[in-house]
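The structure appears below as structure tokens.
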Amino acid sequence: MTKKDGWRVLAVCLVLGLGTIALFSPAFTFGFVNYEDQYYVTNNLHVNKGLAGVFGWAFQTGYGNAWQPLTWLSHALDCQIYGLQPRGHHVTNLILHALNSILAFLVLRQLTGAFWRSAVVAAFFAWHPLHVEVVAWIAERKGLLCAFFWLLALWAYARYVENSKARRSSSKFYYIGAVVLFAFALLSKPVAVTLPLILLLLDWWPLGRLAATPERAAAKQALFLLVEKIPFLVLAAAACVITFLVVDHNHTLEPMAQLPFRIRFVTAGMSCFRYLAESFWPADLGAVYPFVLHEPKLKLVGVALVLAAISVVAVQARKTRPYWLVGWLWFLGTLFPVLNLVQAGAQPMADRYMYLPSIGLWMLVCWEAYDLAAPLRRGRAALGGLCALLLAACCAASFIQLGYWKNEGTLLSRIPDSKANPKGHADYTAYLMLHGQFPQAQAECEKAIALFPNSAPFQVLLGNILFGEGKLDEAIEKYKLALRLDRSSNLARLGLGNAFLGKHLVAEAAEEFKAVLQDEPKNFEAHHLLARCFVLQGNAAAGAAEFHASLTSEINQPQTLNEFAWLLATDPHVEIRHGDLAVKLAVRARDLTHGQEPAILGTLAAAYAEIGDFDKAVATGQEAHDLAMVQGRKPLAETNLLLLAHYRAHEPFREKH
């Protein structure tokens, strides 16, 4: 590299890095969104503790429906440094995206030797609105980390090939480095399994390694390249097996993921087409996209013809324009794991899935545009101006799209294909209901039902809204309708049992929860609600057993932890009480809610009183009272004041049954 080239490379890297940080800097003021951020960070006690308490768990767990230990370590490191202040977590995401953008430029330049084309591809990668989701969503750290190591592995492989041709001994170092970096990518997110395919494509073009060499005929050279990929293929196969086992073990299939293969196949084709369309016209982007359930046959035929035509052109142009085939197969190959043909997810497409595939697509487009402009007088200058305009448009669109990630409400209110997206309406319904906006939630839910009237989960959602409004009889009718639509709907049985509890029909409620547990013995919510039934019936021992079963299935349940701790701390029967365990459970519930729930603080005070630590009981009870007053929950504050009188008199509180 000449000194001039070195300065050019540095300048492009600075523009990519600093430009990316400037464009996405508004994300520094964003908070966490209750859209998986709670699973990855805010309510994940293993991650919350920082690096000290996460190492063993990270490498053993299948939490999150994938084996991704490096992702957990990354989140834990952020918690170690920043705690639960979202700004720092957003900073890490943005730095990773900026580094990935620089890597995309360096890798393409290393592979192809094309400077400005590589820079333009990297700029589209850095600033395209399809990549806003990856950057602004803290839970998508896995995608950023995976891409970081994936691109580094490509860079190491390119250096390995370069050094091999020059017969340098350092080639082995780069080869081992590529394998290790690929392993790191897999440990971040299993979707990295596509790297061996990309390496084989790059061997053909631009590396030109499939041709015969003085040492080997063409056939032997091809065999050598396949053997060379064995370590990568072994790692990819291991990642696939582990992912399959994790998915099967957790039974996380959702109703929308169980659609017939025909619909999934059609949806995959439509998703590919939509990814193409949104790459060139990024409109109507959002967090939740619909499955293709009812599309005109003419439209489906048109989409199939477009995809087939691009494939034919790519094959036909393989000799004169090899970047067509490499770019197109890069796009399709890296998309394949997330097209929902073989995976267990319920998301037909998502903006984040285009993170790595977009590089292949933009490589195809930029190389073709360059070749088209080359013969024209001042063609390349005009092409440069056009690229500048398009990149400016991308930045403007990304800035607007970034605003939707400010909080969960702005995110879920933006529903792509709103006239054909029942799940988008349902997710926004759940958000509105959680925030007590029941009339708006009902209106949104009715839109989902109008699009998918025979959906039992949507009827359950409407029942939950009515339940939240205190309309128990109407809620019961909706739950029963859901059961008529799907006799196996445990969501409907849980809702029906809850409504029965609201009407003090405890025996009827218990029967519903028992029916759920017959079908799903590890359903933690059913165990919790059945425990509540037993306690109301005066059977504290059975209630304690059910609380224990619920927490065995899922430990991070603040409400269950709180109710179980209260039972163990305040039950009048000595054989039920267990003060030490009550303290342990209440402390965990407090930590999960970050000390912001006065009812849980009140339970912790009762638990301290049960073990005779009345100083802590008084201090915690006072904290519970004061927090309830600040939150405007006067009845709860008064209850805590009455309990404080017991603790100040060195008396533990006892429930009366």
Side-chain angles (χ1 to χ4, degrees), residues 8-33 37 78 82 86-109 116-148 151 275 278-287 350-359 361-363 365-366 384-407 410-411 414:
R8 286 201 309 170
V9 169
L10 178 61
V12 169
C13 289
L14 286 174
V15 169
L16 286 171
L18 297 178
T20 299
I21 290 172
L23 174 61
F24 290 98
S25 60
F28 295 162
T29 64
F30 295 176
F32 295 105
V33 293
D37 280 358
D78 271 7
Y82 308 113
R87 175 188 291 268
H89 298 260
H90 282 297
V91 167
T92 302
N93 269 25
L94 183 46
I95 289 173
L96 279 171
H97 179 55
L99 289 174
N100 288 343
S101 303
I102 293 169
L103 276 173
F105 163 62
L106 296 176
V107 167
L108 288 176
R109 181 180 173 275
W116 289 113
R117 280 168 283 180
S118 300
V120 172
V121 170
F124 277 114
F125 175 82
W127 304 329
H128 199 281
L130 274 175
H131 297 167
V132 167
E133 180 175 89
V134 181
V135 183
W137 189 16
I138 290 171
E140 192 45 31
R141 172 74 53 78
K142 55 185 180 286
L144 291 164
L145 266 183
C146 175
F148 177 70
L151 288 165
Y275 285 129
E278 289 182 346
S279 295
F280 300 107
W281 189 257
D284 203 21
L285 304 181
D351 296 351
R352 61 187 178 276
Y353 294 162
M354 268 296 282
Y355 198 58
L356 286 173
S358 68
I359 298 175
L361 184 62
W362 289 120
M363 182 170 65
V365 171
C366 290
L386 177 61
C387 284
L389 288 174
L390 291 175
L391 287 171
C394 277
C395 289
S398 291
F399 185 80
I400 294 170
Q401 182 65 19
L402 186 65
Y404 292 111
W405 282 89
K406 184 176 182 180
N407 57 58
T410 56
L411 172 64
R414 184 170 173 78

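What's counted below: heavy atoms across the whole structure, side chains too, no hydrogens, waters or symmetry copies. In this text the structure is predicted, and so the values were computed from the model without any measurement.
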request  = For residues 128-139, pull every pair meeting salt bridge (Lys or Arg N to Asp or Glu O under 4.0 Å), keeping only residues two or more places apart or in separate chains.
outcome  = E133-R352
Shortest non-hydrogen contact between [X] and [Y], atoms and distance:
| X | Y | answer |
| --- | --- | --- |
| D37 | A139 | OD1-N, 2.9 Å |
| A104 | L151 | N-CD1, 4.3 Å |
| H128 | S398 | C-OG, 3.2 Å |
| V12 | A119 | CG1-CB, 3.9 Å |
| D351 | E278 | OD1-OE1, 4.1 Å |
| A98 | I21 | CB-CG1, 4.2 Å |

From [atom1] ([X]) to [atom2] ([Y]), nearest 0.5 Å:
| X | Y | atom1 | atom2 | value |
| --- | --- | --- | --- | --- |
| F30 | L402 | CZ | CG | 4.0 Å |
| L18 | I102 | CG | CD1 | 8.0 Å |
| L144 | K142 | CG | NZ | 10.0 Å |
| T29 | K406 | OG1 | NZ | 6.5 Å |
| L389 | C394 | CG | SG | 11.5 Å |

Are [X] and [Y] packed together at the side-chain level, in the sense that at least one heavy-atom pair is separated by less than 4.5 angstrom?
| X | Y | answer |
| --- | --- | --- |
| P129 | I400 | no |
| W137 | N93 | no |
| M354 | L361 | yes |
| N407 | T410 | yes |
| S279 | F124 | no |
| L106 | V9 | yes |
| I359 | L108 | yes |

Exam field: side chain [X] to backbone [Y], donor-acceptor pair closer than 3.5 Å:
| X | Y | value |
| --- | --- | --- |
| R414 | L285 | yes |
| T20 | A126 | no |
| Y275 | A350 | yes |
| H90 | S25 | no |

key: F32 ring center near H89 ring center (under 6.0 Å)   = yes
task = Tell me whether the centres of the aromatic rings in W362 and F280 are closer together than 6.0 Å.
result = yes
note = Applying side-chain contact (heavy atoms from CB on, under 4.5 Å) to L386 and not counting sequence neighbours gives L390
inquiry  = Just to verify, what does L99 make a side-chain contact (heavy atoms from CB on, under 4.5 Å) with, not counting sequence neighbours?
reply    = I95, F148
query = Are S358 and H131 close enough that a side-chain donor and a side-chain acceptor fall under 3.5 Å?
reply = yes
ask   = With a 3.5 Å cut-off and no angle check, do the side chains of H97 and Y355 form a donor-acceptor pair?
value = yes
F399, CZ: over 12 other non-hydrogen atoms inside 6.0 angstrom = no
ask   = In this structure, which one of L23, L94, N100 forms a side chain to side chain contact (heavy atoms under 4.5 Å, CB included) with V135?
value = L94
